Number of protein chains: 2
Amino acid sequence: MVSTATIAEIAALAGDPARAAMLNTLMDGRALTATELASVAGVTPQTASGHLARLTTAGLLAVEKQGRHRYHRLASPMVAQMVESLSQLAATLAPPGRRVATGPRDLALRTARTCYDHLAGRLGVALTDALLDAGHAEIDGDAGAVTDGGLAFFAGIGIDLERATTRNGRRSSRVFCRPCLDWSERRPHLAGAVGAAICSHAFEQGWIRRVDGSRAVAVTRKGEQALRSAFGIAL
Amino acid sequence: MVSTATIAEIAALAGDPARAAMLNTLMDGRALTATELASVAGVTPQTASGHLARLTTAGLLAVEKQGRHRYHRLASPMVAQMVESLSQLAATLAPPGRRVATGPRDLALRTARTCYDHLAGRLGVALTDALLDAGHAEIDGDAGAVTDGGLAFFAGIGIDLERATTRNGRRSSRVFCRPCLDWSERRPHLAGAVGAAICSHAFEQGWIRRVDGSRAVAVTRKGEQALRSAFGIAL
DNA sequence: GGAATGCTTCGGCCCCGACCGTAGCATCGA
DNA sequence: TCGATGCTACGGTCGGGGCCGAAGCATTCC
């Protein structure tokens, strides 16, 4: 966050194949570790470390230290917008034959996808809205919380939040509930242990299933019924 | 227009100081010669020629041959949008204290300027606000629209939106109306075909004129009257 | 405690590409 | 026809930076 930040400097940062792959991977709003990003970029961890350091000092990425892991995410929606405009342009300029098939996949991603370990897209935001409206959860700035009524509600539909926050009988240090700005909806959805518990429960109950092994998920017929009866959601 | 056009390739093209200066200079939508662009980039003509060739084959620039001159311009509004998003990010990431020396030239830029092919700055935002307040246009998120009343309004002041959206008798695929976040005002102004039509009309009617051949424009006396009577704007 | 894991720093290699000087093509004005 | 101008093509130089191997901290697990 030191240098004078010219257009050329920003573009040069995104102009390296390895760094571009990292930025593109982080476009879903997740926070990934340096090793994971090294993998997607196809470089060794020490090389990735250098790239991540440059992206971070430039202000494009934000890091969150958690134990021996360092989670990297896009620093702001504006960075996502910049990457998005690059993607659009790349898709347009690519020879029509070799254009990445647009449409169903993108539509699926915007409808419902996983964001790290919780749900995002229209589904994730709709779930969050429903929980907020019902008074089961609250969001205030960067903080989130589940109300007492919410705890009972989750228990009633089979989501044990006690179990979700403990591992090996010991309390996890993980953030219990926090809002996460949705990349496509530009509105918050629930993350943290609560978001993860909802997501894994939805998978276990067969409400949703992965599409093509990508981040996109599809809501099953059973899931539609469950979401309507439990949350009052008609996606 | 050959290679597969990845994000990294596009960004790398914009990541060179000389090429970035060229792209930035072309942001006003004009077409400049190679020599002029070499001047603003601070390189020799032969170096600039190489840069321009790369930008052109990549599809970022379009060339128009006229005699012994070759006029270069941005290939599409999408390129302008990409450069715009880079500018925004650069302005945001720059240390607040040492932002480029603010002077009369900057003041003129902030007051009124062209953004590719439409109006920006205080003038652009004021025009947009007036249109929104009068119900002539609407903005919802990333989408914009002109109302039926708006169409009649524009026709009344001599702006034919039908003509603006058709080319050679066929409907252009260009986005009709979209909001564009103003770099200096941090609020949206109108872009797309509508924004372009307003801008060109303002030039044709002598409401505004260029300053020093830069992106800045000055509102003429005639323009002040027209803006006040037609839009109710007192800049 | 010791070992394993995640990440960073350091040093050195090496390639890409930005730059210019020179020279070669087009076009315009006499 | 002959310069003058605008632009491009080629060759050579050289500096930045991407890459990895080796080594050094920090943290966690057993």
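Scope of the values below: all heavy atoms of this structure, side chains included, with no hydrogens, waters or symmetry mates. Naming: A, B, ... by sequence-line order, numbering from 1 per chain. If you're wondering where the values come from, they're calculated on a predicted model, not measured in any experiment.
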### Message
As a quick check of understanding, evaluate side chain to side chain contact (heavy atoms under 4.5 Å, CB included) for V211(B) and V217(B), giving each step before the final call.
### Response
CA-CA 5 Å; V211(B) 176; V217(B) 299; 5.6 Å; no

### Task
Output yes when a side-chain donor or acceptor of T56(A) lies under 3.5 Å from a complementary backbone atom of A62(A), and no otherwise.
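Flag not set: sc T56(A) to bb A62(A) has no pair under 3.5 Å.
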
Nearest-Å distance for atom pair [atom1]/[atom2], residues [X] and [N]:
X      : N       : atom1 : atom2 : value
H69(A) : dT28(D) : NE2   : P     : 9 Å
R54(B) : dT8(D)  : CZ    : P     : 15 Å
L52(A) : dG6(C)  : CG    : C1'   : 13 Å
L32(B) : dC7(D)  : CG    : P     : 11 Å
L55(A) : dC7(C)  : CG    : P     : 15 Å
L13(A) : dG16(D) : CG    : C1'   : 14 Å
E64(B) : dG6(D)  : CD    : P     : 19 Å

### Query
Hey, which of these two, V63(B) or D16(A), hits DNA chain D nearer its 5' end, going by closest nucleotide?
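Of the two residues, V63(B) wins.
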
### Message
From the set dC7(D), dG18(D), dG6(C), return the single nucleotide nearest to any side-chain atom of R19(A).
### Response
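Selected nucleotide (nearest to the side chain): dG18(D).
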
### Nearest-neighbour nucleotide for the H51(A) side chain, dA18(C), dC19(D), dG6(C) considered
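Out of dA18(C), dC19(D), dG6(C), the nucleotide with an atom closest to H51(A)'s side chain is dC19(D).
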
### Task
Please report the C-alpha distance between I159(B) and V194(B) in whole Å, then the side-chain angles of each, then the deciding distance to 0.1 Å, and finally whether the side chain to side chain contact (heavy atoms under 4.5 Å, CB included) criterion is met.
CA-CA 9 Å; I159(B) 297 181; V194(B) 172; over 6 Å; no

### Task
Select from R70(A) and A18(B) the residue whose nearest nucleotide in DNA chain C is closer to the 5' end of that strand.
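The residue mapped nearer the 5' terminus is R70(A).
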
### Query
Any side-chain heavy atom of M27(A) sitting closer than 4.5 Å to one from N24(A)?
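When only atoms from C-beta onward are counted, N24(A) and M27(A) do touch, with a gap below 4.5 Å.
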
### Message
Test of understanding: with ring pair (Phe, Tyr, Trp, His ring centres under 6.0 Å), list the residues that count as partners of F231(A), not counting sequence neighbours.
### Response
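Partners of F231(A) by the ring pair (Phe, Tyr, Trp, His ring centres under 6.0 Å) criterion, ordered by chain and then number, come out as F153(A).
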
#### Entry: Derivation of the side chain to side chain contact (heavy atoms under 4.5 Å, CB included) call for H72(B) and M22(B)
CA-CA 10 Å; H72(B) 300 259; M22(B) 292 175 177; over 6 Å; no

### Message
How would you summarise protein contacts on nucleotides 20-28 of chain C per nucleotide, using B for base, S for sugar-phosphate only and - for none, with heavy-atom distances below 4.0 Å?
### Response
BBB----BS

### Task
Assess whether side chain to side chain contact (heavy atoms under 4.5 Å, CB included) is satisfied between V63(A) and Y71(A), documenting all intermediate values.
CA-CA 5 Å; V63(A) 260; Y71(A) 287 96; over 6 Å; no

